[in-house]
**Student:** 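Below is one structure. I have some questions about it.
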Amino acid sequence: MASSLALYSFCLFSTLFAFTATATQYCALEKPLMHLHFYMHDDFTGYTGPKPTAMRIVTMPKMSINDTSPRTFGDVAVLNNLLTKGPSHESELLGRAQGFSVRVSDGGLVNDLSLHLVFEHGPFAGSSIYIHGRIPLDKPVRESVVVGGTGHFRFARGYMISKNCDYSLATGGSVEFNVYVM
């Protein structure tokens with residue numbers, strides 16, 4: 001009887017020790033909230049260089065003859081946009097915003113966005129942050145979720161606030177990003 005009680009105590013202690021060690025390792029991964037601020041240049045016409053950095057690869061037919069929006073439900077665009085420190089596309093280059101968006105509403109004003117913020121220069125060079133979200137383009141401020149990351153941002157989570165600085169659905173423009181990430 002005493003040996004089974006000792007075995008039970010040993011098993012209970014071992015389980016609690018393993019749980020505590022795992023919880024301690026998880027807590028060690030916690031990082032303080034970091035605020036990153038930069039601009040993306042969504043260029044459908046080539047204003048940032050010799051060629052566009054965003055392109056519609058699927059263009060759906062208009063749902064109505066009264067639809068005057070340059071974007072339509074079902075359109076798909078791919079992105080390889082500049083990320084810069086300032087609002088001008090000529091300011092310091094930090095990296096690229098690479099991904100795609102699908103127009104998921106009538107009139108093409110809401111996107112489902114899948115975006116990798118890839119840092120090529122500066123302290124986070126070689127790292128990336130993965131963003132996913134519903135982007136209602138008719139809203140002045142939009143929120144997306146940080147799903148993960150690589151390098152410095154491995155296990156990242158958080159959110160991104162985006163707002164247009166100088167933007168047109170037809171040609172693109174600059175979008176301000178405030179990323180809050182742990």
**Student:** Can you tell me how far the OG1 atom of T72 sits from the CE atom of M60, to the nearest 0.5 Å?
**Tutor:** 8.5 Å
**Student:** Would V118 and I129 show up in the same hydrophobic cluster when neighbours are defined by side-chain heavy atoms closer than 4.5 Å?
**Tutor:** no
**Student:** Please check if F44 and M40 belong to a single hydrophobic cluster, counting links between Ile, Leu, Val, Met, Phe, Trp and Tyr side chain heavy atoms closer than 4.5 Å.
**Tutor:** yes
**Student:** Would a distance-only check, ignoring hydrogens and angles, find a side-chain to backbone donor-acceptor pair under 3.5 Å from S114 to G99?
**Tutor:** no
**Student:** Is any side-chain heavy atom of N164 less than 4.5 Å from a side-chain heavy atom of P140?
**Tutor:** no
**Student:** My understanding is that only residues two or more places apart in sequence, or in another chain, count here; which of them pass side chain to side chain contact (heavy atoms under 4.5 Å, CB included) with H152?
**Tutor:** M34, F124, S127
**Student:** Mind checking salt bridge (charged side-chain N to carboxylate O under 4.0 Å, His left out) for E143 and listing every partner two or more places apart, or none if nothing turns up?
**Tutor:** none
**Student:** Heavy atoms only: give me the nearest A97-L83 pair and the separation to one decimal.
**Tutor:** N-CG, 3.8 Å
**Student:** Quick one: which residue pairs count as a salt bridge (Lys or Arg N to Asp or Glu O under 4.0 Å) with a foot in residues 145-154, not counting sequence neighbours?
**Tutor:** none
**Student:** Of L113, V175, I161, which meets side-chain contact (heavy atoms from CB on, under 4.5 Å) against R142?
**Tutor:** V175
**Student:** Listed by chain and number, what are the side chain to side chain contact (heavy atoms under 4.5 Å, CB included) partners of T150, not counting sequence neighbours?
**Tutor:** S128
**Student:** Write out all pairs satisfying salt bridge (Lys or Arg N to Asp or Glu O under 4.0 Å) with one or both partners inside residues 110-136, taking only residues at least two apart or from two chains.
**Tutor:** none
**Student:** List the steps and the verdict of side chain to side chain contact (heavy atoms under 4.5 Å, CB included) for V179 and F38.
**Tutor:** CA-CA 9 Å; V179 181; F38 41 84; 3.9 Å; yes
**Student:** To the nearest 0.5 Å, how far apart are CZ in F119 and CG in L36?
**Tutor:** 5.5 Å
**Student:** Report the distance from atom CG of L79 to atom CG of N111, rounding to the nearest 0.5 Å.
**Tutor:** 8.5 Å
**Student:** With sequence neighbours excluded, tell me which residues meet side chain to side chain contact (heavy atoms under 4.5 Å, CB included) with A156.
**Tutor:** V146, F153, V181
**Student:** When you check the side-chain N and O atoms of N178 and H35, is any donor under 3.5 Å from an acceptor?
**Tutor:** yes
**Student:** With distance as the sole criterion, is a donor-acceptor pair present between the side chains of T84 and H41 under 3.5 Å?
**Tutor:** yes
**Student:** May I have all residue pairs that pass salt bridge (Lys or Arg N to Asp or Glu O under 4.0 Å) and include part of residues 172-182, sequence neighbours excluded?
**Tutor:** K163-E176
**Student:** Just verifying a value: how many Å separate F177 CZ and S144 OG, rounded to the nearest 0.5 Å?
**Tutor:** 8.0 Å
**Student:** Rounded to the nearest 0.5 Å, how far apart are OG of S101 and CG of L137?
**Tutor:** 8.0 Å
**Student:** Looking at residues at least two apart in the chain, or sitting in another chain, which of them share a ring-ring contact (aromatic ring centres under 6.0 Å, His included) with H37?
**Tutor:** Y39
**Student:** Can you sort out the partners of F100 under ring-ring contact (aromatic ring centres under 6.0 Å, His included), two or more places apart, ordered by chain and number?
**Tutor:** none
**Student:** Side chain to side chain donor-acceptor pair (under 3.5 Å) for T59 and D75? Distances and angles first, verdict last.
**Tutor:** CA-CA 5 Å; T59 302; D75 286 355; 4.9 Å; no
**Student:** Could you pull out all residues at least two apart from K139 that satisfy salt bridge (charged side-chain N to carboxylate O under 4.0 Å, His left out)?
**Tutor:** none
**Student:** What residue pairs, at least two apart or across chains, pass salt bridge (Lys or Arg N to Asp or Glu O under 4.0 Å) with a residue in residues 84-97?
**Tutor:** K85-E92
**Student:** For the atom pair NE2 (H116) and CD (Q98), what is the distance rounded to the nearest 0.5 Å?
**Tutor:** 8.5 Å
**Student:** Report the hydrophobic cluster partners of V145, with the cluster defined as I, L, V, M, F, W, Y residues connected by side-chain heavy atoms closer than 4.5 angstrom, directly or transitively.
**Tutor:** Y130, V147
